[in-house]
Colleague: 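Structure provided below as structure tokens; questions to follow.
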Amino acid sequence: MENMFSLMAREEYVSDRRCIWVNGPVIVGAGPSGLATAACLRDQGVPFVVVERSDCIASLWQKRTYDRLKLHLPKKFCQLPKMPFPDHYPEYPTKRQFIDYLESYANHFDIKPEFNKSVESARFDETSGLWRVRTTAAGEEMEYICRWLVVATGENAERVVPEINGLKTEFNGEVIHACEYKSGEKFRGKRVLVVGCGNSGMEVSLDLANHNAITSMVVRSSVHVLPREVMGKSTFGISVMLMKWLPLWLVDKLLLILSWLVLGSLTNYGLKRPSVGPMELKSKTGKTPVLDIGALEKIKSGNVGIVPAIKRFSRRHVELVDGQKLDIDAVVLATGYRSNVPSWLQESEFFSKSGFPKSPFPQAWKGKSGLYAAGFTRKGLAGASADAVNIAQDIGNVWREETKRQKMRRNVGHRRCISVA
């Protein structure tokens, strides 16, 4: 078999499927994680191919987010490797600004994903020692063959739509997922039930209330709500600083005290805190605390009502577990997202059935046989950036050694030809 380093994007046809040899890794996904990995590989001088199922980079940000969205963390925690945000950007860039930054990032590092290519399967061929990545685009099948595979489809590839009694079969109002929600303007004056109380649920509820919708939010379980800032300082930044010097349990204690001083007690408003601290909970389960940007004020004023879990839906009503019945016109499911890796990656040693690496952070970026994961740390953009740097350095080290050996073999062959001549 020819050495992969001597194969430069060679194409063949296997039956009715085009087959492409890739002289470097294939990166699946052109979101922030995939772009960061590609940029770091470019910096290492390693060629790559990025395949993306959508028609643009960062499709989650461009197509499945609401208009008022801003980064919840300060920009210094969200910038990708080797290119900071522009100085004139605010501390919390808007959705549009973040998309512009990502497009500039892709242009700067000459990253040109192959769009509209959905990965149907990826498997490691033990015989050849190579990955075979099969894609479809407009009915055409294509197979990429490569030595390294970088999974960068992210934690939020597919929406989660829970099964709720009567929602699909009886309720005749509008039902959308938060990824379809753009603005509360179309819901002005309507009775809207938001299902979910994470950052998306809170912000959608705030936006609905700002547009004079009659808003209720389902809170089934306990939730940590923290102020986004304390005395002008990022709560997240404070926690990062404290964790350098203090144990996690003490950091959580201090965060909860600061939160109580700024927000007060939330129990009377239907919001109960978990028994586990916010940073410990994030570390163990990946569940992110809510960073309040105004929703609590709406809750305290009664403009956003807090209701318990749902029992069932009927035509224009929802019955709650405490016996309440609410008249509603629309439902927004802020019920989160999930990884889609198990649906296409034919591998079970590195990735779990939930679509996340089995190894905990910081070992979650590297598997066996040239398999890597970028952006599955549950640590946001900073975690994805750390993965990208590690992956590129690891592949780059092997790449340089193999390239060096190739040159030595060519030089030896050249000298032999001269001596024979």
Colleague: Got a second to check how far Thr153's OG1 is from Asn340's CG, nearest 0.5 Å?
Modeller: 5.0 Å
Colleague: Lys186: what forms a side chain to side chain donor-acceptor pair (under 3.5 Å) with it, not counting sequence neighbours?
Modeller: Glu174
Colleague: Ala152 and Ile27: which non-hydrogen atoms are nearest, and at how many Å?
Modeller: CB-CG2, 4.1 Å
Colleague: Test: side chain to side chain donor-acceptor pair (under 3.5 Å). Region: residues 32-49. Which pairs qualify, not counting sequence neighbours?
Modeller: Asp43-Lys82, Gln44-Arg400
Colleague: Filter on salt bridge (Lys or Arg N to Asp or Glu O under 4.0 Å), then keep only pairs touching residues 282-299, sequence neighbours left out; what's left?
Modeller: Glu280-Lys284
Colleague: For a 4.5 angstrom cut-off between non-hydrogen side-chain atoms, does Ser234 reach Glu91?
Modeller: no
Colleague: By the ring-ring contact (aromatic ring centres under 6.0 Å, His included) test, which pairs, at least two apart or in different chains, include something from residues 157-178?
Modeller: Phe171-Phe313, His177-Tyr337
Colleague: Do any N or O atoms from the side chain of Ser385 and from the backbone of Leu381 form a donor-acceptor pair under 3.5 angstrom?
Modeller: yes
Colleague: Going from NE2 on His72 to OH on Tyr92, what distance comes out if it is rounded to the nearest 0.5 angstrom?
Modeller: 10.5 Å
Colleague: Taking Asp207 for its side chain and Glu203 for its backbone only, find out whether a donor-acceptor pair lies under 3.5 Å.
Modeller: no
Colleague: Looking only at heavy atoms, which two atoms of Leu320 and Pro308 are closest? And how far apart?
Modeller: CD2-O, 3.7 Å
Colleague: Can you name the closest pair of heavy atoms from Leu35 and Ala106 and give their distance?
Modeller: CD2-CB, 4.3 Å
Colleague: Checking the side chain of Lys182 only, and the main-chain atoms of Thr65 only, is there a donor and an acceptor separated by less than 3.5 Å?
Modeller: yes
Colleague: Could you give all pairs that pass the ring-ring contact (aromatic ring centres under 6.0 Å, His included) test and reach residues 230-257, with sequence neighbours left out?
Modeller: Phe77-Phe236
Colleague: Nearest 0.5 Å please: distance from the CD atom of Glu170 over to the CZ atom of Arg312.
Modeller: 4.5 Å
Colleague: Scan Leu167, Ile310, Val332, Val318 and name whichever one has a side chain to side chain contact (heavy atoms under 4.5 Å, CB included) with Val195.
Modeller: Ile310
Colleague: Does Arg338 pair with Glu158 as a salt bridge, N-O distance under 4.0 Å?
Modeller: no
Colleague: Just by distance, do the side chain of Ser118 and the backbone of Thr136 share a donor-acceptor pair under 3.5 Å?
Modeller: no
Colleague: Report yes or no: does Thr215 contribute a side-chain atom to a donor-acceptor pair with the main-chain N or O of Ala213 at less than 3.5 Å?
Modeller: yes
Colleague: Once salt bridge (Lys or Arg N to Asp or Glu O under 4.0 Å) is applied, what residue pairs with a partner in residues 95-109 remain, sequence neighbours excluded?
Modeller: Arg96-Asp100, Arg96-Glu103
Colleague: Do any N or O atoms from the side chain of Lys168 and from the backbone of Glu163 form a donor-acceptor pair under 3.5 angstrom?
Modeller: no
Colleague: Calculate, to the nearest 0.5 Å, the distance between atoms CG and CD1 belonging to Leu333 and Ile164 respectively.
Modeller: 6.0 Å
Colleague: Taking only distance into account, with no hydrogens and no angle test, what donor-acceptor pairs under 3.5 Å do side-chain atoms of residues 55-62 form with protein atoms, sequence neighbours excluded?
Modeller:
unit_1: Asp55; atom_1: OD1; unit_2: Lys63; atom_2: NZ; d: 2.5
unit_1: Asp55; atom_1: OD2; unit_2: Lys63; atom_2: NZ; d: 3.3
unit_1: Gln62; atom_1: NE2; unit_2: Ile57; atom_2: O; d: 2.9

Colleague: Just verifying a value: how many Å separate Cys146 SG and Trp21 CH2, rounded to the nearest 0.5 Å?
Modeller: 10.5 Å
Colleague: Using the ring of each side chain (for Trp, its six-membered ring), is Tyr105 parallel, tilted or perpendicular to Tyr101, with breaks at 30° and 60°?
Modeller: tilted
Colleague: Given Arg134, which of Glu141, Glu120, Glu143 fulfils the salt bridge (charged side-chain N to carboxylate O under 4.0 Å, His left out) condition?
Modeller: Glu141
Colleague: Excluding sequence neighbours, so at least two apart, what forms ring pair (Phe, Tyr, Trp, His ring centres under 6.0 Å) with Trp131?
Modeller: Phe124
Colleague: Answer yes or no: is there a donor N or O on one side and an acceptor on the other, between the side chain of Glu114 and the main chain of Val49, under 3.5 Å?
Modeller: no
Colleague: Hey, does the side chain of Glu52 reach the backbone of Pro113 with a donor-acceptor pair shorter than 3.5 angstrom?
Modeller: no
Colleague: Measuring only between side-chain heavy atoms, which start at C-beta, is Asp125 closer than 4.5 Å to Ile145?
Modeller: no
Colleague: List the residues meeting side chain to side chain contact (heavy atoms under 4.5 Å, CB included) with Arg191, not counting sequence neighbours, and say none if there are none.
Modeller: Ile214, Asp327, Asp329
Colleague: What pairs of residues pass the salt bridge (Lys or Arg N to Asp or Glu O under 4.0 Å) test when at least one of them lies in residues 380-395, not counting sequence neighbours?
Modeller: Lys366-Asp394
Colleague: May I ask you to test the Met231-Val262 pair for a side-chain heavy-atom distance under 4.5 Å?
Modeller: no
Colleague: What is the minimum heavy-atom distance between Gln346 and Ser121, and which atoms define it?
Modeller: NE2-CB, 3.4 Å
Colleague: Angle between ring planes, Tyr372 versus Trp365, binned at 30° and 60°: parallel, tilted or perpendicular?
Modeller: parallel
Colleague: Just by distance, do the side chain of Asn199 and the backbone of Leu291 share a donor-acceptor pair under 3.5 Å?
Modeller: yes
Colleague: Please list all pairs meeting salt bridge (Lys or Arg N to Asp or Glu O under 4.0 Å) that have one or both residues in residues 227-237, counting only residues at least two apart or in different chains.
Modeller: none
Colleague: With no hydrogens and no angle check, is any side-chain donor or acceptor of Asn116 less than 3.5 Å from a backbone partner on Ala137?
Modeller: no
Colleague: Taking salt bridge (Lys or Arg N to Asp or Glu O under 4.0 Å) as the test, write out the residues that go with Lys368, two or more places apart.
Modeller: Glu349
Colleague: Taking the side chain as everything from C-beta on, heavy atoms only, tell me whether Leu271 gets closer than 4.5 Å to Ile299.
Modeller: yes
Colleague: Counting C-beta onward and ignoring hydrogens, is there a side-chain heavy-atom pair between Leu71 and Tyr89 closer than 4.5 Å?
Modeller: no
